[in-house]
2 protein chains.
Amino acid sequence: MTEVHETETGARARTRRAIVEAAVRELAHDAATSLGQIADAAGVGRTTLHRYFPDRAALLDAVGSETVARLTEAHARARLDDGDARTALLRLCPEYLLLGDLLTLFFTGVVPDTVLDEGGAAPLAALVARGHREGSIDRELDVDWVVGVVWAQLYLAWATLREGQAARHDIVPMLVRTVDKAVAP
Amino acid sequence: MTEVHETETGARARTRRAIVEAAVRELAHDAATSLGQIADAAGVGRTTLHRYFPDRAALLDAVGSETVARLTEAHARARLDDGDARTALLRLCPEYLLLGDLLTLFFTGVVPDTVLDEGGAAPLAALVARGHREGSIDRELDVDWVVGVVWAQLYLAWATLREGQAARHDIVPMLVRTVDKAVAP
DNA sequence: CCAGGTTGGAACAGCAGTGTTCCACTAAGG
DNA sequence: CCTTAGTGGAACACTGCTGTTCCAACCTGG
């Protein structure tokens, strides 16, 4: 994790970003997309894609790193340490929802879980554990189960949003409501 | 839907079942498995597989039919019309969980949603609508959202079970508990 | 026992994706 | 202006999957 992509010349950084973003979009839509498809979506030749990412695995790695970075930002914005754990958890939901397609990649396992365990998933588990100690989260439910329920509903919310079956301002209240009720003691 | 596979000679029916079951297992594990992989898992030559299912689409169709059939059985066992809707919904959860890998196929969209809409998914939506009328299910939540929450948690429960991270007798109570709390008014 | 139904293996052509090389083109910076 | 980093396209070999054909072996019931 000592890459210094940020310091590369403008053009390179821009191209790299375009490819990673297109990869996220296309992979979320179909985990088995071809590299050619991703290159097209990025508005870039397949040759160029291979110049930045020698093979599929390298591109997937980059997508993984992107995921962890965006996850970390979301944690910061939700201020997980402020107030009681359940309220913090409900603050986190809309932030996670902003991750969009990354949620799909995370959930469908396109990004290897190992990447995420190394810092992406830990804060949420810690938050739930705090809720257990405080008593703001149902102690009858395993930490893993609570984490799973939150992720599952987030993925559902994103899928609904993406399909255009409901608007964000309709979805978020229902998401928060069902998560709240499910995990409350 | 006028196939008469049941009336075929013993050997043919047995082989056919073995292939479909292996397909469910392998496709749940990896939606992009090759037909050769499925044939191996079924303990059958690839030639034989092609004899029963000319191409991939035909096999997927068969898996879809299997899904609808098993779904219908589950609905019958749960007696969806007995008692109040929320209680019936909670009865349905363990029944659905018995579907195992089929849950994964359903959820990951390996089986085209159109197949399921034609009879697989309707009863659940109808049940939730009844719950809304009765008042046993939270009216603040869309029917679609409630259905989604149930499916998402079922999938989570099955995934946890399949990974061996928890036993069925630990999972089912938590599943029922979170579904109940989430959908209760 | 033996004829018909059933099977598996080998071999084939076709296709799509991958990763590579090479070369010509462009545009931005010194 | 002219160098140079960055790019895209064409072509290539290679791999793995698909769907097909053909044939030898096999049981299994009559």
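Keep in mind it's a predicted model, so treat the numbers as computed, not measured. Every chain is numbered from 1, with letters handed out A, B, ... down the list of sequences.
Counting to the nearest Å, the C1' atom of C:dA16 and the CG atom of A:Asp30 are 14 Å from each other. Between A:Arg16 atom CZ and D:dA5 atom C1' there is a gap of 18 Å when expressed in whole angstrom units. Atom CZ in A:Arg12 sits roughly 16 Å away from atom C1' in C:dA28 (whole-Å rounding). To the nearest angstrom, P of C:dG17 lies 14 Å from CG of A:Leu49.
B:Asp30 and B:Thr33 are not linked by any side-chain donor-acceptor pair at a separation below 3.5 angstrom, with hydrogens and angles left out of the test.
We find that A:Glu95 and A:Arg91 are not joined by a salt bridge, their nearest charged nitrogen and carboxylate oxygen being 4.0 Å or further apart.
Going from atom CG of B:Leu102 over to atom CZ of B:Phe107 covers 15.0 Å, rounded to the nearest 0.5 Å. Atom CG of A:Asp101 and atom CH2 of A:Trp158 lie 5.0 Å apart (nearest 0.5 Å).
Remark: B:Thr15 is not in phosphate contact with C:dT6, judged by side-chain N or O atoms under 4.0 Å from OP1 or OP2. Here A:Tyr52 does not reach the OP1 or OP2 of D:dG6: none of its side-chain N or O atoms lies under 4.0 Å away.
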Practice problem: Using a 4.0 Å cut-off on protein heavy atoms (strictly under), produce a 5'-to-3' string for nucleotides 17-27 of chain D with B for base contact, S for backbone-only sugar-phosphate contact, and - for none. | Solution: SBBBB------

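Taking the salt bridge (charged side-chain N to carboxylate O under 4.0 Å, His left out) definition, one finds that A:Arg168 meets it with nothing, sequence neighbours left out.
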With a cut-off of 3.5 Å and sequence neighbours excluded, list every side-chain donor-acceptor pair involving residues 171-181 of chain A.
residue  : atom : partner  : partner atom : Å
A:Arg177 : NE   : B:Asp138 : OD2          : 2.7
A:Arg177 : NH2  : B:Asp138 : OD1          : 3.3
A:Arg177 : NH2  : B:Asp138 : OD2          : 3.0
A:Thr178 : OG1  : A:Gln153 : OE1          : 2.6
A:Thr178 : OG1  : A:Met174 : O            : 2.9
A:Thr178 : OG1  : A:Leu175 : O            : 3.2
A:Thr178 : OG1  : B:Trp145 : NE1          : 3.3
A:Asp180 : OD1  : A:Arg86  : NH1          : 2.6
A:Lys181 : NZ   : B:Asp138 : OD2          : 2.7
A:Lys181 : NZ   : B:Ala182 : O            : 3.0
A:Lys181 : NZ   : B:Ala184 : O            : 2.4

